[in-house]
Amino acid sequence: PRARRLGGLLVASLAQELGRAGAGVEEWPVPLLRAATMPAVYLIVDDLGAPGVDQRLNDPEQLRGVVRALLAALDRYRREAS
């Protein structure tokens, strides 16, 4: 449940920052994540095969937005957990 909450916060924050709809949170059978002793998520920020991805990945402002979104979600998760 904690990993699902963290994943949800990350997806929502990215969607808000980047102005795109979030894909949602799915559970994948990733052995490394299942063995984690803390909340863990596997996050896909952009589809490398999508049109325009080269421009987005090379745009410094886009990358700063991704970092802002991730930090905001992690901070919110930390505040909710305390």
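Start at 1 with the first residue, then count along the sequence.
- Between Asp75 and Arg78, at least one side-chain N (NZ, or NE/NH1/NH2) sits under 4.0 Å from a carboxylate O, which counts as a salt bridge.
- We find the CZ-CZ distance between Arg5 and Arg76 to be 5.0 Å, quoted to the nearest 0.5 Å.
- In this structure Arg34 satisfies the salt bridge (charged side-chain N to carboxylate O under 4.0 Å, His left out) test with no other residue, sequence neighbours excluded.
- Clustering ILVMFWY residues whenever any of their side-chain heavy atoms sit less than 4.5 angstrom apart, transitively, puts Val30 in the very cluster that holds Ile44.
- Not counting sequence neighbours, the partners of Ala72 by the side chain to side chain contact (heavy atoms under 4.5 Å, CB included) test are Ser13.
- Residues Leu57 and Val67 fall into different hydrophobic clusters, defined by Ile, Leu, Val, Met, Phe, Trp and Tyr side chains chained together at heavy-atom separations under 4.5 Å.
- Residues Leu43 and Leu18 share a hydrophobic cluster, clusters being chains of Ile/Leu/Val/Met/Phe/Trp/Tyr side chains in contact below 4.5 Å.
- When all heavy atoms of Gly65 and Glu17 are compared, the pair lying nearest together is O-CG, 3.0 Å.
- The number of heavy atoms from other shown groups lying within 6.0 Å of CD (Glu80) is above 12.
- A donor-acceptor contact shorter than 3.5 Å links the side chain of Asn58 to the backbone of Asp54.
- Val45 and Leu9 end up in the same hydrophobic cluster when Ile, Leu, Val, Met, Phe, Trp and Tyr side chains are linked at under 4.5 Å.
- Put simply, Leu70 and Leu63 are part of two different groups of oily side chains (I, L, V, M, F, W, Y) that touch within less than 4.5 Å, one to the next.
- Arg56 approaches Gln62 most closely through the heavy-atom pair O-CG, 3.3 Å.
- If you take CG on Leu6 and CG on Leu10, they are separated by 4.5 Å, rounding to the nearest 0.5 Å.
- The shortest non-hydrogen separation linking Leu33 to Ala40 is CD2-CB, 3.6 Å.
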